[in-house]
Number of protein chains: 2
Amino acid sequence: MKLITRNTDYAVRALCYLARQDQKSVPVSEMVMALKIPRPFLRKLLQTLSTEGILDSFKGQAGGFALAKNPSKIWLTDLIRIFQGTVELNECIFRKKICPNRSTCKLKHEIDAIEKDVLKRLSVVSIASLLS
Amino acid sequence: MKLITRNTDYAVRALCYLARQDQKSVPVSEMVMALKIPRPFLRKLLQTLSTEGILDSFKGQAGGFALAKNPSKIWLTDLIRIFQGTVELNECIFRKKICPNRSTCKLKHEIDAIEKDVLKRLSVVSIASLLS
DNA sequence: ATAAATGATACTAAAGTAGTATCATTAAAC
DNA sequence: GTTTAATGATACTACTTTAGTATCATTTAT
Ligand code: FES
Ligand code: FES
C-alpha cells in the first residue's frame with residue numbers, strides 16, 4: 001500500500017524545482033528536461049495544480065507556471081487531497097454499504113487512531129520543508 | 001488510500017468469529033451465515049489462512065476450519081503480510097526504476113518515519129486484542 | 001454409496017493509478 | 001498580422017491491484 005502516489009510524488013518534485021527558481025514563469029519543457037517526468041503527464045498535473053490555486057499559469061509564448069504561494073504555505077496534505085482524495089486509511093465498507101459495526105468495531109478504532117497520527121505527521125510537511 | 005484491504009478485513013472478522021467458538025471445527029457455510037461474506041471469497045481466504053498456518057482445516061463431512069494458534073499469537077501484521085504484502089508506504093519508483101535520490105530525498109525520509117510509526121502501532125494488534 | 005466438507009486452480013469484474021493524444025486558445029516575438 | 005511557443009480543456013488507453021466467481025478433484029463421516 002502506498003501513502004503517496006506518482007502524481008503527488010511528481011508534484012512535490014515539480015514544486016520543489018519551481019521553489020528553487022526565481023524566474024517569473026517556467027515552461028513545462030524546461031521542467032521535463034530537469035525532472036525527467038513524461039511531458040503530457042507533467043502537463044496535466046501542473047494544470048491541475050494551477051486550477052487548484054497552487055500554481056499561477058501564464059499562457060502564450062514565454063508563458064509557463066510559477067508558484068502561487070510561498071513554499072512554506074504549500075502543504076503535502078494539500079497535494080495528497082488533490083491527487084488522491086482525503087486520507088482515509090480506514091473505510092470499512094461492507095459490500096458497498098457502510099458497515100453497521102463501525103461504532104463498536106475495535107479494528108476500526110485502532111486504524112482510526114493510526115490514521116490520526118499519520119495525518120498529524122503529514123500535516124506539518126510543506127514544500128519548504130522538503131527543499132533540503 | 002487504505003491500510004486494510006477487504007481480504008484482511010474479512011479475515012479479521014472470520015478469525016474473531018472462530019476465536020469466540022469452542023467447536024473443534026466450523027464449516028464455511030456457518031461462517032457465511034454469521035458474517036455475510038460472499039461464500040467463494042470467504043472460502044478462498046480461509047484456504048489461504050490455512051496454508052499460511054493460521055488455521056487448521058479438516059476435510060470431509062463435519063469438516064471445517066479452526067484456529068491453529070492462540071488468538072493472542074495471531075497478529076494483524078501477519079494478515080496484512082499474507083493478503084497485502086509487506087507494508088511499504090513509500091516506494092519511490094521512478095518509471096519502473098528505483099529512484100536515484102533515495103538517500104537524500106527528504107520526502108522519503110518523512111514517509112519512512114511515518115511508516116515506522118504505523119508498523120509499530122500495527123505490530124501490537126492481535127486477534128485477541130480485537131475480540132472486544 | 002452418498003453427502004458435506006476442503007484443496008487446487010483458473011477465471012472475470014471493478015476500481016484505482018499511470019500515461020497519452022488532440023485540438024482550441026492565448027500572447028510574445030518577429 | 002503572422003508565426004511560434006506556450007497553456008486550457010478534455011477524451012482516451014494501458015496497467016495494476018483488489019474483489020469476487022466458478023469448477024472439478026479429493027476427502028471423510030454417515
Ligand atoms: S467491522 Fe465494520 S467497522 Fe469494523
Ligand atoms: S525523489 Fe525518489 S526517493 Fe524521493
Side-chain angles (χ1 to χ4, degrees), chain A residues 1-11 14 18 23-33 35-52 55-66 68 79-80 82-86 88 91-97, chain B residues 1-11 14 18 23-33 35-52 55-66 68 79-80 82-86 88 91-97:
Chain A
M1 107 232 15
K2 277 173 297 184
L3 203 55
I4 303 286
T5 62
R6 202 69 64 90
N7 260 328
T8 307
D9 189 10
Y10 286 173
L18 287 174
Q23 303 169 44
K24 275 203 194 78
S25 88
V26 178
V28 168
S29 47
E30 181 182 329
M31 286 192 250
V32 168
M33 294 295 215
L35 304 170
K36 301 191 179 81
I37 295 170
R39 184 196 205 90
F41 198 28
L42 180 59
R43 230 161 86 70
K44 192 170 70 171
L45 178 166
L46 293 173
Q47 277 187 23
T48 303
L49 289 175
S50 168
T51 63
E52 293 286 339
L55 293 178
D56 286 331
S57 74
F58 305 94
K59 290 177 86 174
Q61 198 165 9
F65 295 93
L79 305 178
I80 292 179
I82 291 170
F83 294 112
Q84 308 174 218
T86 57
E88 285 198 58
E91 272 190 38
C92 203
I93 301 291
F94 193 63
R95 281 165 92 49
K96 308 258 176 191
K97 296 192 186 82
Chain B
M1 104 230 20
K2 279 172 296 185
L3 203 53
I4 303 287
T5 63
R6 203 69 64 91
N7 261 328
T8 307
D9 190 9
Y10 287 173
L18 288 175
Q23 304 169 43
K24 276 204 193 73
S25 89
V26 178
V28 169
S29 47
E30 181 183 328
M31 285 192 250
V32 167
M33 296 293 215
L35 304 171
K36 302 194 179 79
I37 294 170
R39 186 200 204 85
F41 199 27
L42 181 57
R43 230 162 85 69
K44 192 170 70 169
L45 179 164
L46 293 173
Q47 278 187 22
T48 303
L49 289 175
S50 168
T51 63
E52 292 286 339
L55 292 177
D56 285 332
S57 74
F58 305 94
K59 289 176 89 173
Q61 200 165 7
F65 295 94
L79 305 176
I80 292 179
I82 290 170
F83 294 112
Q84 309 174 215
T86 57
E88 287 198 56
E91 275 189 37
C92 204
I93 300 291
F94 193 63
R95 280 164 95 47
K96 309 258 178 191
K97 296 193 184 79

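Per chain, numbering begins at 1; letters A, B, ... match sequence-line order. Because the structure is predicted, anything quoted here is derived from the model rather than measured.
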**Q** Residues in side chain to side chain donor-acceptor pair (under 3.5 Å) with B/Gln84, at least two apart?
**A**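 Side chain to side chain donor-acceptor pair (under 3.5 Å) list for B/Gln84, sorted by chain: B/Thr5, B/Thr8.
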
**Q** Can you tell me the distance, in whole Å, between the CD1 atom of A/Ile4 and the P atom of C/dT17?
**A**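 Answer to the nearest Å: 12 Å.
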
**Q** So, is A/Ser57 close to the D/dG8 phosphate, meaning a side-chain N or O under 4.0 Å from OP1 or OP2?
**A**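 A/Ser57 to D/dG8 OP1/OP2: side-chain N or O found under 4.0 Å.
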
**Q** Is B/Lys2 near enough to C/dA15 that one of its side-chain N or O atoms lies under 4.0 angstrom from OP1 or OP2?
**A**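 Result: no.
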
**Q** In whole angstrom, what separates A/Arg43's CZ from D/dT7's C1'?
**A**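 Nearest whole value for this atom pair: 6 Å.
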
**Q** Give a yes/no on whether any side-chain N or O of A/Arg6 is located under 4.0 angstrom from OP1 or OP2 of C/dA18.
**A**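 True: A/Arg6 side-chain N/O within range (under 4.0 Å) of C/dA18 OP1/OP2.
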
**Q** Please state how far atom CG in A/Leu45 lies from atom C1' in C/dT20, giving the value in whole angstrom units.
**A**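 After rounding, the gap between these two atoms is 14 Å.
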
**Q** Of the non-hydrogen atoms in A/Ala66 and A/Lys24, which two are nearest, and what is the gap between them?
**A**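 Nearest pair, atom of A/Ala66 first, then A/Lys24: CB-O, 3.0 Å.
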
**Q** Does a side-chain N or O of B/Lys24 approach OP1 or OP2 of C/dA5 to a distance below 4.0 Å, or not?
**A**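 For C/dA5, neither OP1 nor OP2 has a side-chain N or O of B/Lys24 closer than 4.0 Å.
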
**Q** Strictly below 4.0 Å: does B/Tyr10 bring a side-chain N or O up to OP1 or OP2 of D/dA19?
**A**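 Indeed not, no polar side-chain atom of B/Tyr10 lies that close.
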
**Q** Tell me whether the side-chain N or O atoms of A/Lys44 pair up with the base of C/dG19 as donor and acceptor below 3.5 Å, since no angle test is needed here.
**A**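 Such a pair is found, so the answer is yes.
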
**Q** Identify, between A/Ala62 and A/Phe41, the residue whose nearest nucleotide on DNA chain C lies closer to the 5' end.
**A**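 The 5'-side residue here is A/Phe41.
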
**Q** Tell me what B/Pro40 touches on the nucleic acid: a base, only sugar-phosphate, or nothing, going by heavy atoms under 4.0 Å.
**A**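 The answer is base, as B/Pro40 lies within the cut-off (heavy atoms under 4.0 Å) of a base atom.
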
**Q** A/Thr5 side chain N/O closer than 4.0 Å to the phosphate oxygens (OP1, OP2) of C/dA18?
**A**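 Yes.
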
**Q** Which part of the nucleic acid, if any, lies within contact of B/Arg39, taking any heavy atom under 4.0 Å across all strands shown: a base, the sugar-phosphate backbone alone, or nothing?
**A**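 Answer is nothing: B/Arg39 stays at 4.0 Å or more from every strand.
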
**Q** What is the distance from CG of B/Leu3 to P of D/dT18, rounded to the nearest Å?
**A**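 To the nearest whole Å, that distance equals 12 Å.
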
**Q** Rounded off to whole Å, could you give me the CG-to-P distance for the B/Leu46 and C/dA8 pair?
**A**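 So the two atoms are 14 Å apart, to the nearest Å.
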
**Q** Between P on D/dA19 and CG on B/Asn7, what's the gap in Å once rounded to a whole number?
**A**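 Those two atoms, CG and P, are 6 Å apart.
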
**Q** What's the shortest heavy-atom distance between A/Ala68 and A/Asp56, and which atoms?
**A**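 In this case the closest contact between A/Ala68 and A/Asp56 is CB-OD1, 3.5 Å.
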
